[in-house]
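The model shown is predicted, which means the values in this text are computed figures rather than measured ones.
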Amino acid sequence: MPRTVFTVADLPEGERYEAWKQSIACIFDVDADPETRDGDFFAAIDASMYGPIMLARTTSRAQRWERSASTIARDGMDHYMIQYYETGSQTLENGNFQVVQPPGGLMVYDLSRPVRSRSETFTCLSMIIPRALLAESLRAPDDQHLQALPAIEPMTALLRDHMLSLKRTGSRLTTTQANAVVPTTVALVAACLNTAADETAAGDPAIAVAAMVTARRLIDTNLADEQLTPDWLAQQLGMSRAKLYRMFEPVGGIAQYIRDRRLRRAMLELRDAEFRHHPIYEIALRAGFASETTFGRAFRQRYGVTPRDARQQAIDPRPTAAGDGPDRRYEEWLHHLAV
């Protein structure tokens with residue numbers, strides 16, 4: 001089974017932090033206090049591939065992490081990540097929202113969404129799953145970001161123990177065996193996240209999960225249609241505009257949600273080799289924008305780079321180290337997870 005181990009242990013002390021910062025920038029921008037950077041810094045990632053799923057154990061010192069809108073535009077990753085902190089902890093932020101890693105529990109990331117965090121010295125286990133592999137099995141695929149799953153919940157414990165078991169036995173699995181556990185793993189992840197979504201919905205009767213799922217599917221299948229407005233959507237769903245606005249209020253409002261989905265679709269196409277030779281204005285029109293100028297302005301406001309720059313970054317990705325340095329194959333694996 002494919003496995004790679006990145007470590008800075010064999011580098012001179014003065015080079016360890018920069019080597020780590022350059023490598024982990026494939027997913028997060030990090031920063032650390034001078035005493036952490038200049039001291040006996042350590043960092044290691046032991047990553048294995050179970051078919052299209054990556055499972056990685058990371059160990060490092062206290063630091064700050066950020067996955068910004070510009071980072072998302074730069075790498076174009078569209079995965080879910082589930083983390084279990086074996087030692088240490090972290091505090092995460094998204095705007096005014098703050099959440100602490102649940103002790104013994106799991107934290108869910110949507111890697112297409114921004115986040116900041118602060119970690120103590122830690123060891124954590126991360127499972128990274130392509131959205132295309134999991135989203136269809138989720139009742140609320142767009143509501144998973146920074147969902148904290150407490151250890152007391154039985155489904156959380158089952159998923160956590162499954163992750164630990166996979167990591168413990170992974171070195172003995174063949175590639176065929178690793179591929180065979182993928183359907184079971186995806187089903188367990190979906191069951192765990194859906195159970196958490198059901199409990200959230202039960203606690204907040206103002207949000208009808210089924211209606212939200214239907215609304216989001218209507219939006220995604222009609223992004224290029226100029227008739228995609230709150231009025232049209234409310235009519236299709238058979239509800240009032242006021243109810244529609246209330247339903248989308250927790251995710252920033254209906255208009256903002258539609259714009260974000262249009263920008264996300266455009267960003268994925270800009271980075272997809274299949275659309276490499278499609279003019280940017282065509283991608284803008286398919287995403288539902290009336291003009292390339294309007295699209296470019298909205299894209300830059302959302303991601304901090306122009307559409308042309310986002311496409312170029314996909315064509316010329318940041319080079320990875322080669323030769324006698326640390327093994328950085330996990331970076332390429334992470335960016336090319338596929339179903």
The test is salt bridge (Lys or Arg N to Asp or Glu O under 4.0 Å); show your working for D220 and R265 and say whether it passes. CA-CA 9 Å; D220 282 346; R265 172 172 291 183; 5.3 Å; no
- Task: Check step by step if salt bridge (Lys or Arg N to Asp or Glu O under 4.0 Å) holds for R264 and D78.
- Result: CA-CA 10 Å; R264 177 176 173 274; D78 197 24; 2.5 Å; yes
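Under the rule for a salt bridge (Lys or Arg N to Asp or Glu O under 4.0 Å), R262 has no partner lying at least two apart in sequence or in another chain. Q236 is linked by a side-chain contact (heavy atoms from CB on, under 4.5 Å) to L218, W232, counting only residues two or more places apart in sequence or in another chain. Applying the ring-ring contact (aromatic ring centres under 6.0 Å, His included) criterion to Y84, with sequence neighbours excluded, gives no partner residue. For Y281, there are no ring-ring contact (aromatic ring centres under 6.0 Å, His included) partners two or more places apart in sequence or in a different chain. In this structure A191 satisfies the side-chain contact (heavy atoms from CB on, under 4.5 Å) test together with M155, sequence neighbours excluded. Partners of E86 by salt bridge (Lys or Arg N to Asp or Glu O under 4.0 Å), not counting sequence neighbours, listed by chain and number: R57. Annotation: side-chain contact (heavy atoms from CB on, under 4.5 Å) contacts of R271 (sequence neighbours excluded): M267, Q313, A314. Under the ring-ring contact (aromatic ring centres under 6.0 Å, His included) criterion, F295 pairs with F289, F299, sequence neighbours left out. Residues satisfying the ring-ring contact (aromatic ring centres under 6.0 Å, His included) test with Y50, not counting sequence neighbours, are none.
In summary, of the residues considered (R67, R118, R64), a salt bridge (charged side-chain N to carboxylate O under 4.0 Å, His left out) with E93 occurs for R118 alone.
Both Y109 and F122 are members of a single hydrophobic cluster when ILVMFWY side chains are connected at heavy-atom separations under 4.5 Å. Hydrophobic cluster membership is shared by L173 and L125, with clusters built from Ile, Leu, Val, Met, Phe, Trp and Tyr side chains linked at under 4.5 angstrom. Neither L263 nor L228 shares a network with the other; the hydrophobic side chains, linked directly or stepwise wherever heavy atoms of I, L, V, M, F, W or Y lie under 4.5 Å apart, form separate groups for each. Y303 and M77 are not part of a single hydrophobic cluster, where members link through side-chain heavy atoms under 4.5 Å apart.
When the shell of 6.0 Å around CZ of R286 is examined, it contains more than 12 heavy atoms from other residues, nucleotides or ligands. For CD of Q301, the number of neighbouring non-hydrogen atoms (other residues, nucleotides, ligands) closer than 6.0 Å is 12 at most. Atom CZ of R259 sits in a sparse spot, with 12 or fewer heavy atoms from other residues, nucleotides or ligands closer than 6.0 Å. Residue-environment remark: CD (Q227) exceeds the threshold of 12 foreign heavy atoms within 6.0 Å. For E35, the CD atom counts as densely surrounded, since its 6.0 Å shell holds more than 12 non-hydrogen atoms of other residues, nucleotides or ligands. Taking a 6.0 Å sphere around CD of Q177, one finds it holds more than 12 heavy atoms contributed by other residues, nucleotides or ligands.
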Which pairs would a plain distance check flag for residues 1-14, meaning a side-chain donor or acceptor within less than 3.5 Å of a matching protein atom at least two apart in sequence or in another chain?
unit_1: R3; atom_1: NE; unit_2: D46; atom_2: OD1; d: 3.0
unit_1: R3; atom_1: NH2; unit_2: D46; atom_2: OD2; d: 2.6
unit_1: T4; atom_1: OG1; unit_2: D327; atom_2: OD1; d: 2.9
unit_1: T4; atom_1: OG1; unit_2: D327; atom_2: OD2; d: 2.9
unit_1: T7; atom_1: OG1; unit_2: A9; atom_2: N; d: 3.1

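Distance CG/L188 to CG/L158: 6.0 Å, rounded to 0.5 Å.
Listed by first and then second residue, the ring pair (Phe, Tyr, Trp, His ring centres under 6.0 Å) pairs that reach into residues 147-168 come to none, sequence neighbours excluded. Within the structure, ring pair (Phe, Tyr, Trp, His ring centres under 6.0 Å) contacts touching residues 257-276 (residues at least two apart or in different chains) are F248-Y257, F275-H278.
Side chain of H145 to backbone of V115: no donor-acceptor contact under 3.5 angstrom is found. Between the side chain of Y85 and the main chain of M107, no donor-acceptor pair closer than 3.5 Å is present.
A heavy-atom distance below 4.5 Å is found between the side chains of R37 and D31. Taking the side chain as every heavy atom from C-beta outward, I53 and L166 never approach each other to under 4.5 Å.
No salt bridge links R113 with D142; every basic N to acidic carboxylate O contact stays at or beyond 4.0 Å. Classification of D110 and R131 as a salt-bridged pair holds, one side-chain N sitting under 4.0 Å from a carboxylate O.
Between W65 and F28, the angle of the ring planes goes over 60°, which puts this pair in the perpendicular group of the 30/60° scheme.
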